[in-house]
Amino acid sequence: MVSLETCEQIVLKLGELHKHLKKLQSRMLDDYHITLMEYHILAIVLKKGNASQNDIAEALDVDKALVSRQIRAMEEKELLKCGTDPECRRRNVILPSQKALELMPELDAIHRKSLERVFSDIDEEQLNNFQMVLEGLVSKI
């Protein structure tokens, strides 16, 4: 029988891990004057190629108004530019600026460094088992 108390403690620890990892990553990005949200938006835009506000909002699970404000701020920082989708002129797309393209390898390295810092003391087998357990839990939701 699964202990409900243990399950609740695990959920709390996962939330705590997420909170601390976000703080660590935010501190590491401070030197670049980039917020963690901005980093995630850049990563989505670069991965997708020509993302829309809806694409970004869905990927981050946030509302479109927040994404709109973030995009405006990132345009002012010259990290993003908005344009029209060449395949559908009624659709606006968000594109990375040249500055963002040049900056992303450094930001990705910071992201990897923060993950390595957190997970470095765990061996590969433990990580694989942990990942399998998490994937199983997510599939049940």
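Values below: all heavy atoms of this structure, side chains included; hydrogens, waters and symmetry mates excluded.
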Ile94 vs Val67 side-chain heavy atoms within contact, under 4.5 Å: no

From CA spacing to verdict: side chain to side chain contact (heavy atoms under 4.5 Å, CB included), Ile71, Met74: CA-CA 5 Å; Ile71 289 170; Met74 292 174 75; 5.6 Å; no

Verify same cluster id: Ile44, Leu101 (apolar side-chain graph, 4.5 Å): yes

Any side-chain donor near an acceptor of the partner, Glu78 and Ser97, under 3.5 Å: no

Same apolar cluster: Leu107 and Leu95, side chain cutoff 4.5 Å: no

Over 12 foreign heavy atoms within 6.0 Å of CG, Asp30: yes

Side chain to side chain, Gln25 and Leu115, heavy atoms closer than 4.5 Å: yes

Spacing of CG belonging to Asn129 relative to CG belonging to Asp123, to within rounding of 0.5 Å: 8.5 Å

Rounded distance [0.5 Å steps], CD in Gln9 versus CG in Leu4: 10.5 Å

Shared hydrophobic cluster, Leu103 / Val45 (ILVMFWY, side-chain heavy atoms < 4.5 Å): yes

Asp55 CG to Gln53 CD distance, which is reported to the nearest 0.5 Å: 10.0 Å

Interatomic spacing from CG in Asp61 to CD1 in Ile56 - rounded to 0.5 Å: 14.0 Å

Reported CE-to-CG distance for the pair Met104 and Leu46, which is rounded to 0.5 angstrom: 5.0 Å

Closest heavy-atom pair and its distance - Glu38, Ile34: OE1-CA, 3.4 Å

From CA spacing to verdict: side chain to side chain contact (heavy atoms under 4.5 Å, CB included), Leu60, Leu66: CA-CA 10 Å; Leu60 295 175; Leu66 174 61; over 6 Å; no

Val62 vs Gln70, side chain to side chain contact (heavy atoms under 4.5 Å, CB included): CA-CA, chis, key distance, verdict: CA-CA 11 Å; Val62 297; Gln70 286 294 145; over 6 Å; no

Residues Glu75 and Arg72 bridged, charged N to O under 4.0 Å: no

Distance-minimising heavy-atom pair for Ser114 and Leu21: O-CD1, 4.2 Å

Under 3.5 Å: donor-acceptor pair, side chain of Lys99, backbone of Lys77: yes

Same apolar cluster: Ile41 and Tyr32, side chain cutoff 4.5 Å: yes

Leu24-Phe119 co-clustered via ILVMFWY side chain contacts under 4.5 Å: yes

From Ile122 atom CD1 to Asn128 atom CG, the distance as rounded to the nearest 0.5 Å: 11.5 Å

Gln131 and Glu135: side chain donor to acceptor below 3.5 Å: yes

Validation row: His20, Val118 side chains within 4.5 angstrom (heavy atoms): no

Tyr39 vs Ile110, side chain to side chain contact (heavy atoms under 4.5 Å, CB included): CA-CA, chis, key distance, verdict: CA-CA 11 Å; Tyr39 168 75; Ile110 288 169; over 6 Å; no

N/O donor-acceptor pair under 3.5 Å between Ser68 side chain and Lys64 backbone: no

